[in-house]
Amino acid sequence: MPILEKETSRDRDSQVLPKVPVPPLKQTLDTYLKCVQHLIKEEQFKKTKAIVEKFGAPGGVGELLQKKLLERRDKTTNWVYDYWLEDMYLNNRLALPVNSSPVMVFPKQTFRDHNDARRFAARLIRGVLDYKALIDARALPVDFARGQLAGTPLCMEQYYRLFTSYRYPGLKTDTLKVQMNAASSAPEHIIVACKNQFFVLDVVANSKQLNETEISSQLEKIMKMAENAEERLPPVGILTSDGRTEWAQARDVLTKDLTNRDSLALIESCLCVVCLDEPCGLEPRDTTRALLMLHGGGREKNGANRWYDKSMQFVIGMDGVCGVVCEHSPFEGIVLVQCSEYVMKYMTGSPSKMARASVRELPPPRRLLWKCNPHIQGLIAGSGDRLKRLVNNLDMDVFTFKDYGKEFIKKQKMSPDAFIQVALQLAFYKCRGRLVSTYESASIRRFQQGRVDNIRSATPEALAFVRSMTDERATFTDAEKIKRLRDAINAQTNYTIAAITGMAIDNHLLGLLKIAKDLNMEKPEIFCDETFLASNQFILSTSQVPTTVEMFCCYGPVAPNGYGACYNPQSGHIIFCVSSFWENTETSSAVFVKALNEGLQEIRDLCNRSSAMAPKPANSGQGAGQPHKSGK
Ligand code: COA
């Protein structure tokens with residue numbers, strides 16, 4: 001296979017990546033002040049500045065914590081990993097659907113009947129098994145950074161968690177368990193959800209993996225078994241869609257019974273879940289498919305045909321609504337994309353092996369059994385009600401901006417990602433007349449066990465630019481506006497470079513906070529300050545998740561009054577998935593999308609007018625937002 005000729009993760013394992021650095025204390029504190037100053041009132045800023053200065057003073061608390069953090073860095077592979085995992089995911093009590101689990105939405109499939117859908121599912125499962133074999137053999141080609149600072153090898157660890165992780169709910173905090181001994185001889189199985197019933201599909205029989213035809217025939221048996229209304233069991237899966245504490249409590253009740261414990265153990269040790277969804281009778285537009293992938297449409301539709309704790313759930317709707325739901329704690333969206341694209345390419349690239357394959361006589365898949373007393377039935381009903389509220393609350397708008405894409409932006413000698421971030425700031429400003437604390441995920445996979453840090457995109461330079469673009473008195477000339485645009489893009493690009501090289505502030509501040517807690521110290525004032533608390537409420541939560549195959553990623557907002565904005569830049573267009581909550585009267589995804597569309601056009605017009613005016617330079621190499629080093 002050509003894939004094996006490239007450098008693989010097995011080769012890479014022996015070459016250790018650098019550890020995530022701990023930035024200098026003063027640098028982080030100065031950046032923190034710079035990030036918040038223009039977003040808060042002057043009085044509040046003065047107070048915050050005094051607190052920060054005291055924290056960072058020679059011989060102060062900051063120095064002590066920094067010293068301890070540096071010691072931790074020496075002792076651990078990645079000083080921030082556990083802190084970050086708990087803070088970002090495991091301590092969060094909110095329900096996984098919408099609030100945490102991102103999804104990939106596949107193009108709408110056309111199935112003539114259930115058999116077509118079943119064959120599609122069988123093929124998909126084969127693709128997944130193929131991909132898993134590459135992971136197990138450590139034969140995946142190593143990822144290399146693209147875009148800014150291109151060319152560096154990236155940490156591959158997240159891939160090993162794709163099919164080996166399970167997130168257990170806890171009363172106070174969840175636990176992410178990863179089975180690292182994937183080569184163990186334990187039989188491998190997938191859980192198939194169909195009509196809210198769960199079935200064990202063994203993918204190995206007599207030491208040999210099932211072929212596509214065998215999988216398809218097993219799926220046929222599952223679909224028949226699920227049809228049988230008399231044997232139908234309560235929709236236990238809906239419990240996993242609840243708040244984490246509620247689900248942990250319900251799980252405690254469930255596990256009192258041996259049958260339930262056995263069923264749970266099988267789900268918790270599966271490779272992945274495959275959800276065969278019922279048709280939902282809705283027009284399958286992009287937005288509708290995104291919604292259905294994010295929450296399954298609630299109890300009445302496919303909301304109970306899920307098991308949200310499991311990292312990878314492949315959804316195949318009988319009506320062609322397909323995609324992947326991912327539990328986010330083990331890996332980032334980029335890894336999810338790689339896996340999804342591999343499976344899609346497998347499905348469309350190679351001819352089906354159905355016709356030629358021999359079929360063995362296999363024992364039928366087993367239905368998982370549940371003993372549900374009235375108490376559990378009540379808990380299921382409660383979870384269903386809360387999921388319904390979540391379903392009714394999600395305001396989603398998938399918008400494909402078709403006027404231009406990455407290529408136009410590159411021609412302006414600007415970083416496409418920075419440009420889009422500035423456009424998102426403009427859209428927010430148009431909607432709310434101010435900027436807010438913004439999160440953009442930046443990969444730190446250049447480092448051992450690297451996950452992400454935050455690019456704080458609401459820069460002072462972005463504020464200056466959006467003010468110039470929205471000034472009603474039209475006091476700003478094009479020359480001034482384009483200068484401000486370039487300054488904003490420069491600031492954004494520089495922050496990106498700082499973040500991907502481990503020099504951003506969010507992980508560092510979190511580390512200082514957590515180490516103080518580890519030392520049983522009183523919480524330092526800097527972390528009790530209202531500025532700090534507000535700066536960690538990400539009203540705008542953004543992420544670039546690009547794809548090379550037709551599909552898109554989306555997720556929900558992370559604040560009740562916020563927006564989630566996931567974007568997928570392509571050469572000639574950009575897909576934006578904007579989410580917010582209907583219950584909040586300040587937000588509206590449609591209004592945001594309208595502002596975004598307007599803003600993107602206004603920026604393009606500004607760029608075009610400015611290039612028409614500009615004298616043609618012999619070499620404009622040092623334009624704003626130049627990448628440090630191009631991958632080309
Ligand atoms: N002029 C011309 N071209 C430029 C340019 C400039 N000034 N600046 C950048 N470019 C080019 C790049 O060379 C690159 O080219 P390529 O498409 O051939 O690779 C392209 O534009 C994209 O670069 P850019 O837009 O600057 O972004 P990036 O690819 O470096 O991405 C991040 C920036 C922050 C998104 C990325 O570093 C990252 O961290 N991604 C992971 C995000 C993540 O984790 N998402 C999932 C969360 S669940």
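In listed order, ligands and their atoms are each counted from 1. Values reported hereafter were calculated over all heavy atoms of this structure, with side chains retained and with hydrogens, waters and symmetry mates removed. Keep in mind the model is a prediction, meaning the values are calculated, not measured.
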Counting from 1, what ligand 1 atoms have a heavy atom of [X] closer than 4.0 Å?
X	value
Val452	44 (O)
Ile455	34 (C)
Ser543	45 (N), 46 (C), 47 (C)
Lys413	1 (N), 6 (C), 7 (N)
Gln148	8 (N), 9 (C), 26 (O), 30 (O)
His328	48 (S)
Thr496	34 (C)

Exercise. Under 3.5 Å, is there a donor-acceptor pair between the side chain of Gln421 and the main chain of Arg456?
Worked result: no
For this session: Taking only Lys NZ, Arg NE, NH1 and NH2, and the carboxylate oxygens of Asp or Glu, determine whether Arg445 and Glu332 approach each other closer than 4.0 Å.
Result: no
Exercise. Just checking, Arg138 and Tyr160: is the charged tip under 6.0 Å from the six-membered ring centre and within 45° of the axis?
Worked result: yes
Can you tell me how the ring of [X] sits relative to the ring of [Y], calling it parallel under 30°, perpendicular over 60° and tilted otherwise?
X	Y	result
Tyr404	Phe401	perpendicular
Phe576	Phe399	parallel
Trp79	His508	perpendicular
Trp84	Tyr81	tilted

For this session: Would you please name every residue forming a side chain to side chain donor-acceptor pair (under 3.5 Å) with Tyr89, sequence neighbours left out?
Result: His328
May I ask whether [X] places a heavy atom under 4.0 Å from ligand 1?
X	answer
Lys406	yes
Ile444	no
Glu440	yes

For this session: Give yes if a backbone or side-chain nitrogen or oxygen of Gln544 is under 3.5 Å from a nitrogen or oxygen of ligand 1, and no if not.
Result: yes
Exercise. Do you know which of Lys34, Lys483, Arg486 makes salt bridge (Lys or Arg N to Asp or Glu O under 4.0 Å) with Glu461?
Worked result: Lys34
Seminar exercise, completed: Looking at Pro569, Ser441, Pro416, the heavy atom closest to atom 43 (C) of ligand 1 belongs to Ser441
Seminar exercise, completed: Of Ser415, Cys566, Ala442, Gly147, the one whose closest heavy atom lies nearest atom 24 (P) of ligand 1 is Ser415
For this session: Can you establish whether the number of heavy atoms outside Gln601 located under 6.0 Å from its atom CD is more than 12?
Result: yes
Mode of [X] contact toward ligand 1 - side chain, backbone, both, neither (heavy atoms, under 4.0 Å):
X	result
Ser443	both
Ile500	side chain
Thr493	neither

